[in-house]
Amino acid sequence: MTRSRSWLFVPGDDPRKIGKALAGPADRVILDLEDAVAPTKRAGARALVADTIAALATENRERVCVRINPWQEDAANDDLQALKATLPASIMLPKVRSIDDLRAVDSILSQLESDTGQPTTKVIALVTETVSMTATMPAMPSPPKRVAALTWGGEDLSAALGASANKFADGRWLPTFEFARVQCLLAAKRFGLHAIDTLYTDFRDGEGMQQHANAALRDGFDGVLAIHPAQIDPIHSAFTPDAASVAHARRIVAAFAANPDSGALQLDGRMIDRPHLIQAQKILNRLE
């Protein structure tokens, strides 16, 4: 998956917001057919999303992700059938209950791709919105190859648990929700997938959003969900390394390139080894 720092949700039934999002700087735009659309408006939203994707140039289609409805609902298959003529580059599957949901979606997408001759649609899996998936994630087997990223959310898990809150007063996640966040991150890294941190709900709080994005980068996530265009700049700021970090990373890479047989080197009076090289390469990759 190419550069995917920011993932902006947009209601799938609002052409104005869709147009604004696609014209904006978000790396990925998620056209939402689930929570943001009332059941009575789903048919119109499906048609609008399909028409939007069909009208996009190839390079812009890569930016579009569609969040369909949960696989346990009939609406999910209706979503995919409505999109079969113009499959998006990726879909987001919410409320995943087990690996079986991912396998079922993989099977139907494979059939649609075979029928229409379209390229592979990637899957972004929301893996902490059900108790069953959250509790069993450490034992989850390898997902289908089309699964490109895992992400998580605290709001639906709160509802599933019957919890009255998911954060402490200071904004830190309560232990159950921090557990879910960590399990999502570890599972993504275990399978070599992108890990996307959840959204920050107060889009008017720019400072809080910046701290949220900074924490995502610090902890190893590759991107962050967003619910408002104002949140994109803080996310990109967090995931764009500063000049000093880039310069230091380049020196580390250059040092190992000049000494390919060395496992450890000295740089500026400090020992560096292979983990430092890997981290330096990741910093430079974020520039691409």
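In this structure, the side chains of Asn166 and Glu155 come closer than 4.5 Å at one or more pairs of heavy atoms. Residues Pro94 and Asn69 have side chains not in contact (no heavy-atom distance under 4.5 Å, counting atoms from C-beta outward). Counting heavy atoms from C-beta outward, Asp79 and Arg46 have side chains that approach closer than 4.5 Å. Proximity of Trp71 to Ile108: side-chain heavy atoms (C-beta onward) are separated by under 4.5 Å at one or more points. Contact of the Ile53 side chain with the Val66 side chain is registered, since non-hydrogen atoms from C-beta on lie closer than 4.5 Å. Using a 4.5 Å heavy-atom threshold, the side chains of Met209 and Ser237 count as separate. Side chains of Lys84 and Leu80 form no contact here, defined as non-hydrogen atoms less than 4.5 Å apart. The closest side-chain heavy-atom distance from Pro119 to Glu113 is not below 4.5 Å.
Other residues, nucleotides and ligands place no more than 12 heavy atoms under 6.0 Å from the NZ atom of Lys20. Remark: Arg274 CZ is packed, more than 12 non-hydrogen atoms of other residues, nucleotides or ligands lying under 6.0 Å away. The neighbour count for Lys189 NZ, taken as heavy atoms of other residues, nucleotides or ligands under 6.0 Å away, is above 12.
No donor-acceptor contact under 3.5 angstrom links the side chains of Arg97 and Thr130, judged on distance only. One side chain, Asp273 or His276, offers a donor N or O that lies under 3.5 Å from an acceptor on the other.
Partners of Asp74 according to the side chain to side chain contact (heavy atoms under 4.5 Å, CB included) rule, which considers only residues two or more places apart in sequence or in another chain, do not exist here. Applying the ring-ring contact (aromatic ring centres under 6.0 Å, His included) criterion to Tyr200, with sequence neighbours excluded, gives His212. Applying the ring-ring contact (aromatic ring centres under 6.0 Å, His included) rule to Phe203 yields the partners His228; only residues at least two apart in sequence or on another chain are considered. Taking Thr136 as the reference, nothing meets the side chain to side chain contact (heavy atoms under 4.5 Å, CB included) condition, with sequence neighbours excluded. Every residue two or more places apart in sequence or in another chain that forms a side chain to side chain contact (heavy atoms under 4.5 Å, CB included) with Thr240 is listed here: Arg3, Arg5. With sequence neighbours excluded, the residues satisfying side chain to side chain contact (heavy atoms under 4.5 Å, CB included) with Leu217 are Phe239, Arg286.
Within the 3.5 Å criterion, the main-chain N or O of Met137 finds no donor-acceptor partner in the side chain of Gln183. Between the side chain of Ser110 and the backbone N or O of Asp106, at least one donor-acceptor pair lies under 3.5 Å. In this structure, Asp205 contributes its side chain and Gly208 its backbone to a donor-acceptor pair below 3.5 Å. Ser158 contributes no side-chain N or O that, together with a main-chain N or O of Ala165, makes up a donor-acceptor pair within less than 3.5 Å. Between the Thr134 side chain and the Ala180 main chain, no donor and acceptor come within less than 3.5 Å of each other. Distance alone, capped at 3.5 Å, places no donor-acceptor pair between the Asp101 side chain and the Val96 backbone. Although no hydrogens or angles enter the test, the distance criterion places no donor-acceptor pair under 3.5 Å between the side chain of Arg181 and the main chain of Asp197. For the pair Asp222 (side chain) and Ala195 (backbone), a donor-acceptor distance under 3.5 Å is present. A donor-acceptor contact shorter than 3.5 Å links the side chain of Arg146 to the backbone of Thr121.
Under the 4.0 Å criterion applied to side-chain N and carboxylate O atoms, Asp268 and Arg270 are not assigned as salt-bridge partners. Ionic pairing of Lys95 and Glu73 is not present here: no N-O contact between side-chain nitrogen and carboxylate oxygen is shorter than 4.0 angstrom.
Partner of Trp7 under the side chain to side chain contact (heavy atoms under 4.5 Å, CB included) criterion, out of Asp27, Thr151, Ile124: Ile124 alone. For the side chain to side chain contact (heavy atoms under 4.5 Å, CB included) with Leu22, the qualifying choice from Leu8, Val10, Leu56 is Leu56, the only one to do so.
Atoms CZ and CD, from Phe168 and Glu178 in turn, are 10.0 Å apart once rounded to the nearest 0.5 Å. Atoms OG and CG, on Ser262 and Leu277 in that order, are 12.0 Å from each other to the nearest 0.5 Å. Rounded to the nearest 0.5 Å, atoms CG (Leu33) and NZ (Lys41) are 14.0 Å apart. A distance of 4.0 Å separates CD of Glu129 from CG of Asp156, quoted to the nearest 0.5 Å. For the atom pair CD1 of Ile196 and CD1 of Ile30, the computed distance is 7.0 Å after rounding to the nearest 0.5 Å. A distance of 9.0 Å separates CG in Leu199 from CH2 in Trp152, rounded to the nearest 0.5 Å.
The hydrophobic cluster containing Leu193 does not contain Leu186, counting ILVMFWY residues as joined when their side-chain heavy atoms lie under 4.5 angstrom apart, directly or transitively. Connection of Val105 to Val127 is established within a shared hydrophobic cluster, with ILVMFWY side chains joined at heavy-atom distances below 4.5 Å, either directly or through further cluster members.
Across Gly12 and Leu48, no two heavy atoms sit closer than the pair O-CD2, 3.4 Å.
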